[in-house]
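To start, the structure itself, in C-alpha cells.
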Amino acid sequence: MSAWGKIFTAIRGGVNEAAEAAVDNQSMRILDQETRDAEQALRQARSDLAGIMASNKSLMRRIEENRAKETKDSDSARAAITAGRTDLAQGLAQRIALVRSELQRDQSELDGLIPRQQQMLRTIQDTESRITQMKREVDNVRANEALLRAQSAIAHNQAGVNSRLGTAMDSLGRIKKRQEDTANRIAAGAELAAIEDGTDLDRQLREAGIGGSSQSADDILAQLMSPASSPDQGALPSPTKRLT
C-alpha cells in the first residue's frame, strides 16, 4: 500500500471512530429518554391500577351490601308467608329478584376486573424491575466510561512524564559529557604548559635517573660503607667561620 493509501486508510479509521463515539453518545441519550418514558408509563400504569383496585373495592362493597339485602328480604318474605301476607311476600320476592340481578352483574364485572388487576400488578412489578436493572447498567456504563477516561488521561500523562524524563536523562548525559570534555581539555592544557616551560622534561629526566644533584639517604649510606671511599669523601663542606 502506498503512503497516500495508508494516509487515507488512517483518515477513514479516524472518521469511523468519531462516528462510533457520536453514536455511542446518542445511544446513551436515547437510553436515558427511553428510561424516562418507561418511568412515565409506569406512573400511568400505577394510576390505572389504583383506579381498577378502587372499582373492585366498590364492586365488592356493593356485592356485600346486596347480599345482605337479599338475606334480609328473604327472611322477611318467609315471615310474611308464615303470617299469611303473600302480597308482602310477593313484593319482597320482586325486590330480591332485582338485587340478585345486580349481584350477578356486579359479580360478573368483578370477575373480569380481578384478573386484569392481577395482570397489571405483575406487569408493573416486572417493569419496575427492568427499569431498576436498566438504571443500574446505565450507571455502570457511565462509571466505566469515566474510569476509562481517567485511566486514559493517566496513561497519557505518564507517557508525557516518561518522555520528559527521557529528555532530562539525555540532558544529564550531555552535561556529564561536556564536563568530562572540559576536564580533559584542562588536563591537556596543563600538560602542554609543562612541556613549554621545561618542567615536564625535568620530570622525565628524574624518572629516568638522569641528572640531578640531590642524593638520597640510601645513596649517602652506601658511600660511607664503601671501603674505597676516603674519610673525607662525601663529607659536607665545613662551614665558613663567622668574623667577630
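For clarity, every value in this text was computed on a predicted model and none was experimentally measured. Starting from 1, each residue takes its place in the sequence as its number.
Between the side chains of Glu137 and Gln133, at least one donor N or O sits under 3.5 Å from an acceptor N or O. Side chains of Gln33 and Asp37: a donor on one and an acceptor on the other come within 3.5 Å.
For Gln104, the CD atom counts as loosely surrounded, since its 6.0 Å shell holds 12 or fewer non-hydrogen atoms of other residues, nucleotides or ligands. Few gaps surround CZ on Arg36; more than 12 heavy atoms of other groups in view lie less than 6.0 Å from it.
In this structure, the side chains of Met134 and Arg130 stay at 4.5 Å or more apart for every pair of heavy atoms. Looking at Glu70 and Asn66, their side chains never come closer than 4.5 Å, going by heavy atoms from C-beta outward. Inter-residue side-chain proximity for Gln119 and Thr123 is flagged as met; some heavy-atom pair is nearer than 4.5 Å. At least one side-chain heavy atom of Arg61 sits less than 4.5 Å from a side-chain heavy atom of Glu65. Using a 4.5 Å heavy-atom cutoff, the side chains of Lys57 and Arg62 are not in contact.
Rounding to the nearest 0.5 angstrom, the gap separating the CE atom in Met120 from the CD1 atom in Ile52 is 4.0 Å. Taking CG from Asp181 and CD from Gln179, the interatomic distance works out to 10.0 Å, rounded to the nearest 0.5 Å. For the atom pair CZ (Arg95) and CG (Asp73), the distance works out to 4.0 Å, reported to the nearest 0.5 Å. Summarising the geometry, atom CG belonging to Leu98 is positioned 10.5 Å from atom NZ belonging to Lys69; distances are rounded to the nearest 0.5 Å. Atom CG in Leu42 sits 11.0 Å away from atom CD in Gln125 (nearest 0.5 Å). Rounding to the nearest 0.5 Å gives a distance of 10.5 Å between CD of Glu180 and NZ of Lys176.
Taken together through direct or relayed side-chain contacts under 4.5 Å among Ile, Leu, Val, Met, Phe, Trp and Tyr, Ile63 and Ile96 form parts of separate hydrophobic clusters. Under the 4.5 Å side-chain heavy-atom criterion for grouping Ile, Leu, Val, Met, Phe, Trp and Tyr, Leu113 is connected to Met60 within one hydrophobic cluster. Both Leu103 and Leu110 belong to a single network of hydrophobic side chains, linked directly or stepwise wherever heavy atoms of I, L, V, M, F, W or Y lie under 4.5 Å apart. When hydrophobic clusters are built by joining Ile, Leu, Val, Met, Phe, Trp and Tyr residues whose side-chain heavy atoms come closer than 4.5 Å, directly or via intermediates, Ile81 is not grouped with Leu88.
Using a 4.0 Å cut-off between charged nitrogen and carboxylate oxygen, Asp75 and Arg78 count as a salt-bridge pair. By the 4.0 Å N-to-carboxylate-O rule, Asp111 lies too far from Arg116 to be salt-bridged with it.
Between the side chain of Ser101 and the main chain of Ala97, no donor-acceptor pair closer than 3.5 Å is present. Between the side chain of Asp126 and the backbone N or O of Arg122 there is no donor-acceptor pair closer than 3.5 Å. Under the 3.5 Å distance criterion, the side-chain polar atoms of Thr182 are matched with a main-chain donor or acceptor of Arg178.
Here the shortest heavy-atom pairing between Ile124 and Leu49 reads CD1-CD2, 3.6 Å. Pairing each heavy atom of Ala89 with each of Ala77, the nearest pair is CB-O, 3.9 Å.
Screening Lys135, Arg43, Arg46 for a salt bridge (Lys or Arg N to Asp or Glu O under 4.0 Å) with Glu128, the sole residue that qualifies is Arg46.
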